[in-house]
Amino acid sequence: MPLKLIRADITKLSCDAIVNAANSTLLGGGGVDGAIHKAAGRGLLLECMKLGGCKPGQAKITGGYNLPCKYVIHTVGPKWRGGTHGEKETLQSCYREALRLAEENGCGSVAFPLISAGVYGYPKAQAFRVAVDAITEYLLTGDLLVYLVIFDSAAYQISEKLYGEIAAYIDDCYVERHSDTPAQQYSRLYDGESFPLAPSAPDVPCAAANPADDTDMFCDALKTCAAKQPVELEEALRRLDESFSEMLLRKIDEKGISDAACYKKANIDRKLFSKIRSNRLYKPSKPTALAFAVALELPLAETGELLQKAGFALSHSSKFDIIVEYFIRRGVYDIFRINEALFAFDQNLLGG
Ligand code: APR
């Protein structure tokens with residue numbers, strides 16, 4: 001997962017480099033700047049004193065000293081003055097320059113705080129959007145593992161409207177999941193668009209159900225499904241033997257996209273994709289399988305088919321599944337938007 005959202009104190013992270021939201025003197029201050037200097041010790045200040053300051057939008061690198069990381073990359077964000085003084089461009093430059101320095105110094109991983117989202121007053125939601133967009137733009141070609149560190153919950157929230165809609169959708173799914181029999185769920189949920197959920201014994205949470213135990217019922221559902229889908233029954237049954245890896249590669253070909261375009265859009269790193277490509281029987285995790293379904297922009301039925309190849313099924317007993325289903329049903333396939341919502345609901349994120 002090349003971009004991870006995490007809640008942490010950046011001074012505790014042992015990644016190769018952490019980024020400091022500094023001021024132009026580079027001689028320390030409050031907020032994350034103060035925390036980093038305090039944890040790093042006097043050696044950091046002595047090195048910073050030799051740097052001659054830093055302009056907004058620029059970045060300079062030092063050692064990590066007493067911090068668990070190897071480097072500290074100091075960058076100076078814009079002070080918010082209403083958004084009409086080039087603040088966004090300066091903030092974008094902070095992320096670009098810091099990523100460039102991390103790469104030039106052989107880093108494999110780097111952690112960012114939300115630059116300018118504190119003392120400098122950049123509206124948090126906009127600061128977050130600039131950060132995610134700048135980092136994901138870099139990741140189209142770069143190979144760093146990037147952490148975006150959320151230190152306080154106030155520094156991060158998706159829009160209230162979206163949060164409310166997803167919360168209501170979760171409630172609906174939870175209520176329906178726990179008020180109907182599996183057969184009733186099947187009849188309602190299997191509407192020719194959605195994918196039949198793996199049924200489970202009433203007293204076993206669906207997420208714990210072993211979809212393999214439901215294979216017969218699943219195959220019956222698929223036969224029913226095949227009767228309603230444009231795909232011929234023979235083709236549908238042939239695909240039963242197709243592995244996860246084979247279906248993934250087939251869908252990549254059908255979509256006419258490159259492998260790299262697919263795994264980058266899935267927020268999956270190259271190494272993991274190579275493992276999947278080279279082993280037809282590779283079994284990915286559920287977040288990985290779903291990340292590829294999102295990257296391929298599969299409708300719910302095909303998402304379920306791809307999941308089933310990895311031994312999983314979408315379940316209305318899992319908030320994670322329900323949130324991903326919410327976005328797929330609405331044709332929203334931006335994995336970073338979906339991860340922001342998953343993060344807001346304290347769920348795992350999509351990706352390797
Ligand atoms: N770990 C991770 N993130 C943190 C930490 C921490 N230990 N401490 C604070 N943050 C977060 C804040 O919650 C905020 O979201 O870092 C983000 C940036 O906030 P600030 O540190 O206030 O930085 P900024 O808004 O860029 O202002 C920079 O403040 O500290 C001074 O010397 C600094 O003058 C400079 C100005």
Side-chain angles (χ1 to χ4, degrees), residues 1-8 95 111-114 117 123-137 139 145-177 189 193-195 197 206-207 262-268 284-300 302-304 306-307 312-352:
M1 192 186 300
L3 169 57
K4 291 185 183 236
L5 295 178
I6 58 171
R7 292 190 204 297
Y95 287 96
F112 284 92
L114 269 183
K124 296 182 188 305
Q126 294 179 53
F128 181 81
R129 177 75 9 244
V130 170
V132 171
D133 291 350
I135 294 166
T136 50
E137 184 188 343
L139 288 172
L145 171 55
V146 183
Y147 296 95
L148 187 53
V149 181
I150 307 299
F151 185 63
D152 55 72
S153 51
Y156 171 80
Q157 59 253 351
I158 56 178
S159 72
E160 272 178 44
K161 179 174 177 297
L162 177 58
Y163 192 96
E165 278 178 9
I166 295 173
Y169 188 77
I170 290 170
D171 289 347
D172 290 350
C173 292
Y174 255 76
V175 166
E176 148 222 295
R177 170 81 189 84
L189 277 175
E193 281 174 16
S194 69
F195 186 74
L197 289 166
C206 191
C262 181
Y263 66 73
K264 292 229 177 242
K265 197 168 171 227
N267 196 26
I268 298 280
S285 69
K286 190 171 196 177
T288 296
L290 266 176
F292 279 115
V294 168
L296 291 163
E297 302 191 4
L298 299 184
L300 216 47
E302 283 192 287
T303 294
L306 186 64
L307 269 182
F312 300 110
L314 281 176
S315 160
H316 277 184
S317 288
S318 152
K319 268 190 193 174
F320 174 86
D321 290 14
I322 293 170
I323 292 170
V324 176
E325 179 184 310
Y326 170 89
F327 285 97
I328 291 179
R329 278 188 186 280
R330 286 156 182 76
V332 176
Y333 291 100
D334 178 337
I335 202 163
F336 299 105
R337 288 270 191 292
I338 298 173
N339 274 344
E340 289 168 32
L342 289 167
F343 188 79
F345 282 87
D346 290 322
Q347 299 299 307
N348 285 334
L349 304 183
L350 283 175

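It should be emphasised that the depicted structure is a prediction, and the values quoted were computed from it without experimental measurement.
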Can you tell me how the ring of Tyr163 sits relative to the ring of Phe345, calling it parallel under 30°, perpendicular over 60° and tilted otherwise?
parallel

Quiz item: cation-pi between Arg330 and Tyr326, 6.0 Å / 45°:
yes

If we ignore hydrogens and angles and just use 3.5 Å, is the side chain of [X] paired with the main-chain N or O of [Y] as donor and acceptor?
{"X": "Thr136", "Y": "Asp133", "result": "yes"}
{"X": "Asn339", "Y": "Leu350", "result": "yes"}
{"X": "Asn267", "Y": "Leu3", "result": "yes"}
{"X": "Lys286", "Y": "Ala313", "result": "yes"}

If I take atom [atom1] from residue [X] and atom [atom2] from residue [Y], how far apart are they, to the nearest 0.5 angstrom?
{"X": "Leu148", "Y": "Arg7", "atom1": "CG", "atom2": "CZ", "answer": "11.5 Å"}
{"X": "Phe312", "Y": "Leu290", "atom1": "CZ", "atom2": "CG", "answer": "9.0 Å"}
{"X": "Leu307", "Y": "Leu298", "atom1": "CG", "atom2": "CG", "answer": "9.5 Å"}
{"X": "Leu5", "Y": "Ile135", "atom1": "CG", "atom2": "CD1", "answer": "8.5 Å"}

Test item: [X] and [Y] side chains (from C-beta on) under 4.5 Å apart, heavy atoms:
{"X": "Tyr147", "Y": "Leu145", "value": "yes"}
{"X": "Ile150", "Y": "Phe343", "value": "yes"}
{"X": "Ile323", "Y": "Gln347", "value": "yes"}

Quick one: do Leu300 and Arg329 satisfy side-chain contact (heavy atoms from CB on, under 4.5 Å)? Show the steps, please.
CA-CA 7 Å; Leu300 216 47; Arg329 278 188 186 280; 3.7 Å; yes

Minimum heavy-atom separation for [X] and [Y], please, with both atom names.
{"X": "Phe327", "Y": "Ile338", "result": "CG-CG1, 3.6 Å"}
{"X": "Ala131", "Y": "Leu114", "result": "CB-CD2, 4.1 Å"}
{"X": "Ile322", "Y": "His316", "result": "CD1-O, 3.6 Å"}
{"X": "Cys262", "Y": "Phe292", "result": "SG-CD2, 3.8 Å"}
{"X": "Ala117", "Y": "Ala127", "result": "CB-CB, 3.9 Å"}
{"X": "Thr303", "Y": "Leu314", "result": "CG2-CD1, 4.5 Å"}

With a 4.0 Å cut-off, would you call Arg129 and Glu340 a salt bridge?
yes

Any salt bridge linking Asp334 with Lys265? Criterion: basic side-chain nitrogen under 4.0 Å from a carboxylate oxygen.
no

Please determine, by modelled atom types, if Ser285 and Thr288 share a side-chain donor-acceptor pair under 3.5 angstrom.
yes

Hydrogens and angles aside, do Tyr169 and Glu325 bring a side-chain donor and acceptor to less than 3.5 Å of each other?
yes

Heavy atoms of other groups near Lys319 NZ, more than 12 under 6.0 Å
no

With a 6.0 Å cut-off (strictly less than), is the heavy-atom count around CD of Glu165, excluding the residue itself, greater than 12?
yes

Taking it one step at a time, do Phe112 and Tyr95 satisfy ring-ring contact (aromatic ring centres under 6.0 Å, His included)?
CA-CA 8 Å; Phe112 284 92; Tyr95 287 96; 4.9 Å; yes

